[in-house]
Amino acid sequence: MKRRVLLLGGGLAGGLSALALHARRQDVEPILVERGDRFGGNHIWSFFDQDVEAGHRWLVDAVGPTRWPSHRIAFPARRRHIGLGYNSLRSPDLHDALLRTLPASSLRLGREAVEVTPEGVRLSDGETITADAVVDARGGGPIEGLDLGWQKFVGRHLRFAVPHGVAEPMIMDAEVDQADGYRFVYLLPFSATELLVEDTYYSLDPALDVGLLRQRINAYVDDRIGRRFETVGEETGVLPIVLGGRLDALWPDDYPFGRIGMRGGFFHPTTGYSVPDAVANAMLLTEASDMTTSGLRRLLHDRAKRLWRERGFYRMLNRMLFHAAPPRQRYRVLEHFYHLPEASVARFYATRLTALDKLRTLSGKPPVGIFAALSAIAGRA
Ligand SMILES: Cc1cc2nc3c(=O)[nH]c(=O)nc-3n(C[C@H](O)[C@H](O)[C@H](O)COP(=O)(O)OP(=O)(O)OC[C@H]3O[C@@H](n4cnc5c(N)ncnc54)[C@H](O)[C@@H]3O)c2cc1C
């Protein structure tokens with residue numbers, strides 16, 4: 001008899017875990033439950049080459065990322081071409097990969113988990129599924145108890161009648177008016193005539209004025225690209241950026257299930273990217289010896305605790321980014337960070353900064369006033 005693992009939530013983390021368990025554990029039957037009408041929702045999920053271990057790359061390749069060999073950044077006092085590969089996964093490709101790979105008996109689409117116990121779930125259509133292990137992958141949930149800032153954005157998919165001329169991803173173009181905190185524009189050229197343009201803000205206020213950001217995107221494209229386009233898609237996001245607090249807020253003692261994805265705090269503290277952790281957790285599940293609800297909870301909680309300890313530096317950097325300077329000057333923290341060599345930049349995104357990298361991130365001419373920086377750093381870890 002196969003061990004049955006129920007994954008609640010067919011988004012990025014649940015979807016990748018289902019693919020990994022199906023591929024690597026013949027003794028396990030993953031079952032993926034998604035309340036939406038598509039697995040993955042409506043997202044583009046990006047990551048840098050070094051964010052995913054070489055031995056885990058097959059998992060993202062199973063979805064079929066678009067890959068660019070290099071990317072750019074631009075700040076008022078620093079522009080760089082960076083030879084680190086950048087990748088994007090699209091949610092329709094995750095949906096297709098799941099339908100192509102897993103048997104229909106493993107997939108439940110358009111069904112909500114309405115009653116969940118450590119032994120199984122009751123779905124909105126009345127079906128009851130029993131399982132050896134239940135894992136919660138239901139995306140961002142309530143996160144009281146954490147000190148948060150927000151990364152909020154509107155992204156528009158544009159189609160041009162003639163080539164737009166953007167050759168490689170622009171990860172941060174901060175040469176724009178710094179309204180409402182650190183602001184940058186992000187560009188992904190999916191083809192010569194197809195471009196994703198995102199207007200992003202690091203703000204203490206989660207409110208998103210979608211209409212205003214649309215206007216700013218149009219103004220940016222008119223100014224920098226100056227070619228006619230039509231808008232073929234849009235996504236919006238308000239992602240938490242953790243400044244401090246306690247991990248227990250995401251892992252209450254009385255919560256019996258292991259969590260993956262945003263719900264378990266598995267995202268980059270400064271950028272909000274969650275592909276790297278989603279891949280690492282999916283692979284961790286394939287190595288589990290105790291395939292029970294409590295066994296997987298222990299395994300995932302242990303990893304969450306370790307990452308929380310290791311990532312304290314990022315939370316400190318976030319406090320500088322949000323509190324150490326007036327909103328219009330906050331970009332300087334990242335502008336300064338980008339003086340580091342490419343290998344350090346790669347380690348920053350992969351959350352593997354060395355002690356020397358950390359020292360160099362903070363050394364040199366201070367990007368913000370030293371007293372404000374010290375007071376921001378002294379905030380809750
Ligand atoms: C617009 C946007 C863009 C982003 N871009 C990036 C990016 O470029 N790179 C990156 O790494 N990260 C990105 N993120 C952040 C993060 O990676 C995504 O939010 C990611 O989708 C989180 O993965 P997840 O599996 O935790 O949650 P989700 O992908 O949101 O999946 C959770 C799923 O659970 C389902 N669900 C919830 N409750 C139930 C229930 N009761 N029963 C059944 N199903 C349920 C939901 O419908 C959803 O599909 C982005 C986020 C947003 C909002």
Side-chain angles (χ1 to χ4, degrees), residues 6-19 31-48 51-52 60 63 65-66 71 86-92 94-95 98 107-116 121-125 127 129 134-143 150-157 169 171-172 186-188 190 196 198-200 206 208 210 213 233-241 250 257-282 300 304 349-351:
L6 197 52
L7 298 157
L8 302 177
L12 178 66
L16 289 177
S17 295
L19 287 172
I31 298 206
L32 186 63
V33 175
E34 169 55 43
R35 71 178 171 191
D37 57 4
R38 311 267 305 166
F39 292 109
N42 170 30
H43 291 297
I44 289 170
W45 299 294
S46 301
F47 58 98
F48 295 83
D51 294 356
V52 172
V60 284
V63 179
T66 303
H71 64 273
Y86 195 69
N87 307 262
S88 290
L89 298 172
R90 295 189 194 221
S91 46
L94 177 62
H95 175 86
L98 286 161
L107 302 174
R108 302 289 186 285
L109 206 49
R111 253 79 64 82
E112 182 159 9
V114 287
E115 199 182 313
V116 188
V121 66
R122 186 168 62 77
L123 303 183
S124 44
D125 63 351
E127 185 188 7
I129 307 173
V134 179
V135 176
D136 190 352
R138 285 177 286 184
I143 29 183
W150 303 97
Q151 182 195 158
K152 54 187 187 181
F153 53 86
V154 171
R156 306 201 93 194
H157 302 242
I171 303 304
M172 292 176 179
Y186 169 81
L187 302 176
L188 287 184
F190 280 105
L196 172 76
E198 254 175 38
D199 191 16
T200 302
L208 183 65
V210 177
L213 269 58
E234 180 174 281
E235 60 178 332
T236 61
V238 181
L239 302 178
I241 299 292
L250 295 167
F257 311 102
R259 298 176 164 202
I260 53 178
M262 299 290 278
R263 192 157 280 233
F266 292 109
F267 51 87
H268 189 294
T270 305
T271 65
Y273 284 20
S274 76
V275 173
D277 280 338
V279 172
N281 282 338
L300 293 163
Y349 283 102
T351 57

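Read the numbers this way: they start at 1 and go in the same order the structure lists the ligands and their atoms. Excluded from the calculations below are hydrogen atoms, water molecules and symmetry mates; all remaining heavy atoms, backbone and side chain alike, are included.
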Checklist entry - Is the closest side-chain heavy-atom distance between Leu300 and Val135 below 4.5 Å? => result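 Yes - at least one pair of side-chain heavy atoms lies under 4.5 Å apart.
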Checklist entry - Hey, does the Lys NZ or Arg CZ of Arg90 hover above the aromatic six-ring of Phe190, less than 6.0 Å from the centre and inside 45° of the axis? => result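 Pair Arg90/Phe190 counts as cation-pi.
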Next on the checklist: Just to verify, what does His157 make a ring-ring contact (aromatic ring centres under 6.0 Å, His included) with, not counting sequence neighbours?
Outcome noted: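 Residues passing ring-ring contact (aromatic ring centres under 6.0 Å, His included) with His157: none at all.
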Is the side chain of [X] donor-acceptor paired with the backbone N or O of [Y] at a distance under 3.5 Å, no angle test?
| X | Y | answer |
| --- | --- | --- |
| Asp199 | Val154 | no |
| Asp37 | Gly110 | no |
| Glu112 | Val114 | no |

Provide, line by line, the atom pairs where ligand 1 and the protein bring an N/O atom each to a distance under 3.5 Å; else say none.
residue: ligand 1; atom: 5 (N); partner: Ile44; partner atom: O; Å: 3.2
residue: ligand 1; atom: 8 (O); partner: Ile44; partner atom: O; Å: 3.1
residue: ligand 1; atom: 8 (O); partner: Ser46; partner atom: N; Å: 2.9
residue: ligand 1; atom: 9 (N); partner: Ser46; partner atom: N; Å: 3.0
residue: ligand 1; atom: 9 (N); partner: Ser46; partner atom: O; Å: 3.3
residue: ligand 1; atom: 11 (O); partner: Ser274; partner atom: N; Å: 2.5
residue: ligand 1; atom: 11 (O); partner: Val275; partner atom: N; Å: 3.1
residue: ligand 1; atom: 12 (N); partner: Ser274; partner atom: N; Å: 3.4
residue: ligand 1; atom: 17 (O); partner: Ser274; partner atom: OG; Å: 2.4
residue: ligand 1; atom: 21 (O); partner: Trp45; partner atom: NE1; Å: 2.9
residue: ligand 1; atom: 25 (O); partner: Leu12; partner atom: N; Å: 3.2
residue: ligand 1; atom: 25 (O); partner: Ala13; partner atom: N; Å: 2.8
residue: ligand 1; atom: 26 (O); partner: Met262; partner atom: N; Å: 2.8
residue: ligand 1; atom: 29 (O); partner: Leu12; partner atom: N; Å: 3.1
residue: ligand 1; atom: 41 (N); partner: Ala113; partner atom: O; Å: 3.3
residue: ligand 1; atom: 42 (N); partner: Ala113; partner atom: N; Å: 2.9
residue: ligand 1; atom: 44 (N); partner: Arg35; partner atom: N; Å: 3.1
residue: ligand 1; atom: 47 (O); partner: Glu34; partner atom: OE2; Å: 2.7
residue: ligand 1; atom: 49 (O); partner: Glu34; partner atom: OE1; Å: 2.7
residue: ligand 1; atom: 49 (O); partner: Glu34; partner atom: OE2; Å: 3.2

